[in-house]
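We use all heavy atoms of the structure for the numbers below, so side chains are in, but hydrogens, waters and symmetry mates are not.
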Amino acid sequence: MLSRWGFGEELGVFGKQLQFAGEYKRTKAGKRDIFCKLKEYMSQTEQPFLKRYNKLNAQQKRAVDTIYGPVMVIAGPGTGKTEVLAMRIANLLRSETQVKPYEILCLTFTDEATVAMRRRLLQIIGEDAHRVHIYTFHAFCNNVIQNNPEYFGLRELMPISDLERMDLLYNIIETLPEGHALRRLKGDIYYDAKNLRALFDLMKSEDWSAPYVSGAIDIYLESLPEREKYIYKKANSKKNIKAGDPKTEDIRKEAERMERTRAAALLLPEYQARMQEMGRYDFSDMILWVIKAFKEHPEFLLMNQEKFQFLLVDEFQDTSGAQNELLTLLSDYWEDPNIFIVGDDDQSIFEFQGARLQNIIDFYERYQKTIEVIVLKENYRSSQAILDRSAATISSNQQRLIYQLDALNLDKNIVAANDRFREESIIPAPVVASYFNVLHEEADIVSQIEILQQTGVPLQHVAILYAQHKQAANIIAMLEKKSIPYWVKKPVNVLDLPIIRQILNIFEYLYQEHQQAFSGEELLFQLLHAPFFQVSTLDIATLSLYLQEKERKHKYWRYLLQDTLLLETFGLINPKPLYKLGQCLEKWIGEMSSLTLPMLMENILYDSGIIGHLLKGNNQVWDMQVVHTFFDFVKDECDKRPRLSIRMLLEMIEKMEKEGIAISIQKVVKQENGVRFYTAFSAKGHEFEHVFVVGLTKNFWEKKSGNNRGFSLPDTLTRESQSEEDGRGAEEVARRLFYVAMTRAKKHLHISFSEKDNKHKDLEPSMFIDEISKDDERVKRAMDNEHLMTHLSVSFMPDPPVKIELAKAELIDKRLEQFAVSVSALNKYLDCPLSFYYEYILRVPAAKSDSLAFGTAVHYALEQLFKKMIKDEDKEFFDKDELLKTFYFAMKREEGAFTELQFGRRIELGKQILGEYYDEYIDSFNKHVVAEYNISNVSLGNVPIKGKLDKLEFEGKNCVVIDYKTGSPEYSSRNQLIGPTEANPDGGDYWRQMVFYKILLQNHPPARDWTMTAGIFDFIEKNKKGEFVRYTVPIDENSVGVVKAQIKDVYERIMNKEFDTGCGKEDCTWCNFVKTYELVKPTITEDVELLKG
DNA sequence: TAGCGGTGAGTTTTT
DNA sequence: CTCACCGCTA
């Protein structure tokens, strides 16, 4: 019978099954009938199984056939891990034990893997595949929670969404008590939200309680003075330090950091409690709760242990501590649990998520007596040449199972076993290529892709792998321009796209105007430029200049847009869109209270002309998809909260942006037949005919050991191996990542690096390059100029300067008639002429930032302190209380620039720093002073100049000028204080400011007798060490000459209207404004340096 | 060789 | 905001 069906003798498990069939035949009559039924069964379910089974190699068969007891399969890349897993499930179902599909639990880490496994299983066993429990760890636990409310509280529980969680964290931060280590008084008050989330996640995935962390910190801090890192090894006579003394300053800093961490960790219970109040739980809870329930209710655990008799785990090397604990619980009932794990220690790259090699070792040791260890070594993916190179690098790792479990004598020498690679002559050898610079590298990769395309290679078989997304940006842009299809996994966040930004600006404007009329003027100015409104930029400039005239009829844009009669009088190029816009805005503002948000949004989309504009454009499909995605988001949120207001929406989006929560859109970027782009991380589990691993330089592939989580953790938290994890560990993880990347390739592997980046800075090739190739085996590639030029012309080079069209010359001239140079105008012009144009020529309405308004209030309070003293008969300062009251009064005037929370915290900050400042200096202040000195109507040659000095302190005829600075001294870079250097030929802004004051005083007749000897920047806030800081700028005649020349030069350039070109700096507000509203097409500059081969 | 001060840059990803 | 790195100094 065996031979009739063509089975070999060594069929293993089949023996029993067939024997069983044989008995059946003997005991029942009608053997023909049975035979037919069996044959039928075979053809339906057995045939595909057997066909596949026959293709397995000996180790794979052993893995499939070993049904009982613990099995550990170590499966290198391309060794058929998924197939073995699926085949084993199939085999369980068809074995004599009559395992039911629902008794099998197969756990994976990603949804993607679940889908892949289910699909594979469907091919092998058909419909039964749907009855096998295949889940991610989290989905499994979530099901357990949802299906057993009696163990998890009867309330309705839902997984928390990203947004809800963020709200919760914000809420916790808002209600921190005064003096709490995480309470921030200025800047981004919610800065720690992200860090808290990360910390809580970590604590929960490791099952660390708050007291446990706090205790670990105590132990850590106590141990600091004994650690080498915190002991001076060398004496320093100047500071009276002996070798062996503790580094007290470093210890103090570390202790401060730890107190922050402790304060954060102690918030975990509150976070948990509040989440529970909301009826929500997070990802970590899913696993932790199930573990807890299993531990507390033995009968519940038992029920589940019996339910799932056979456990299978994919990618076991990625299990975290909690997941591992769950597995242990589920399998604990049996002495020899039927647990089957598959993994590869060499592909363990998720250590930062808590995955530890140790878990595999623990697993082995737990079941040491009966465990079956199988190593899959036959690789069906790659050519031997590729495998050899991969082995060359991974063999440098020490933390590998073959060393850790050396008693087993594991052999992981992976061998190419795919028949297609028999004929070695046709297999291309892996290429290691070096390029002159990144530009050459990118251009060459693109041209190689083109060649592949021309030779008929389906592009979905080509992959570009890199360590970080940004390494692919230029190549992607290039393909885009050349219309070569590509496929990127990285989702696009619609919130980053200009069209959505513009729509959001409309919302923001409407909201601000609704709150308080004319408070949104700044935004309105920007909105006027939106392409869909079709307003001429020249007309905007004309009107900007009109709004500055003394005899203007309107002060505000919003009024001006309503005044159709007036608009007719300017001789505008195209006034129509202006009053159409004016009408739209009024209509929308009116509709804010009567319409739901989605309805209002719909009106805006159509009234404004956005839809019409997009439909006329080149990318209508994509653009409409973007708008729809955003619209759907607004609708969804409105469904959740029917009373959603614009304010709530804007707040929500602001938080989302800050916390990196995206409204993502992927479809359009995925072109089925396109070149694949992956980070090495996400390429795991995929394979490609042609693989290009690019940018193999140290800075990208060998990450520095920065554990850059917001809160630093004491190393006493984890029991051991800390030293390993630091230096060597990081290197080994990086090497595994590279190993994963290399082993994605089937036939053609191309590894490349560049010697210089595009800024002409030297790059260091990764050490892995040396591990896989000798110097003379590498190809040096240079691209010809023609290729480079095309690449240059389409790639995103360092930002080119932006140029715009200026307002009409005669209008600008009119404005310039009244222009006088102030130090801030001078600094602004030197920094970015375009910004100068918007801020000083068009005088765009500007909202005050919170830090600016705070500065104003502090200045005012200090000014009053001195002014009152001067007026006082006894020349006494008023008391501290009065100072703080004055400050509060000034803050009240500025209240509009703050949010409610910001206002409160800023008051707190101001009272603190002003109080300290008062105490520090009140007894030593120089009382021969002038507080606030205004100078105007002064000219330097023919250049009108003006300025306002905070304070002058006199010693006889000599004076020093004091300038108050709010904000931390740490952030005022000290090189702002020095004059021209090679790196900064214009000199620092602070330096220029003081020299400018000197020039002002020299040319101001009432001050003729005074001699300014120096300028002092007086910081109101203490620095981090708790010291008050005053920076002195000495003034010499040479500096005066330099700045005078600067003033004259800049004035001349301004008079010549040389402000149509921006600085192009990435964080420049106005350059970005011009880009967001597409006011200019970037000009392409050719950087000759880059072309040298 | 340690320490100081200034400078520049700034992941990867899953549920 | 924090850390790594560089160059200088004792």
[X] has a side chain; which of [options] sits nearest to it?
X       : options                   : answer
F350(A) : dT13(B), dT12(B), dG10(B) : dT13(B)
D111(A) : dC3(C), dT12(B), dT15(B)  : dT15(B)
T110(A) : dT11(B), dT15(B), dT13(B) : dT15(B)

| query | Would you call the rings of F137(A) and F109(A) parallel, tilted or perpendicular if under 30° counts as parallel and over 60° as perpendicular? | reply |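 Tilted.
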- Query: Between Q317(A) and E315(A), do the side chains contain an N or O donor and an N or O acceptor separated by less than 3.5 Å?
  - Reply: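 Q317(A) vs E315(A): donor-acceptor pair found between side chains.
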Across all chains, not counting sequence neighbours, the salt bridge (Lys or Arg N to Asp or Glu O under 4.0 Å) partners of R280(A) are E164(A)
| said: Tell me whether K965(A) forms a cation-pi arrangement with Y1031(A), defined as NZ or CZ under 6.0 Å from the six-membered ring centre and within 45 degrees of its axis. | reply: no
| message | Please determine whether a side-chain nitrogen or oxygen atom of R197(A) lies at a distance below 4.0 Å from atom OP1 or OP2 of dT15(B). | response | no
### Message
Please confirm whether the shortest side-chain N or O distance from T136(A) to OP1 or OP2 of dT14(B) is below 4.0 Å.
### Response
no
Between [atom2] of [N] and [atom1] of [X], the distance in whole Å:
X       : N       : atom1 : atom2 : value
I145(A) : dT15(B) : CD1   : P     : 17 Å
D201(A) : dT14(B) : CG    : P     : 15 Å
Y678(A) : dT12(B) : OH    : P     : 17 Å
K204(A) : dT15(B) : NZ    : C1'   : 13 Å
R736(A) : dT13(B) : CZ    : P     : 18 Å
K470(A) : dT11(B) : NZ    : P     : 5 Å
F700(A) : dT11(B) : CZ    : P     : 10 Å
L737(A) : dT11(B) : CG    : P     : 15 Å

The ring pair (Phe, Tyr, Trp, His ring centres under 6.0 Å) partners of H686(A) (sequence neighbours excluded) come to Y678(A)
Q) Are F283(A) and dT15(B) stacked, counting the six-membered base ring, centres under 5.5 Å, planes under 30°? A) yes
- Message: When the C1' atoms of dT13(B) and dT2(C) are compared, how many Å lie between them, rounded to an integer?
- Response: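 22 Å, rounded to whole Å.
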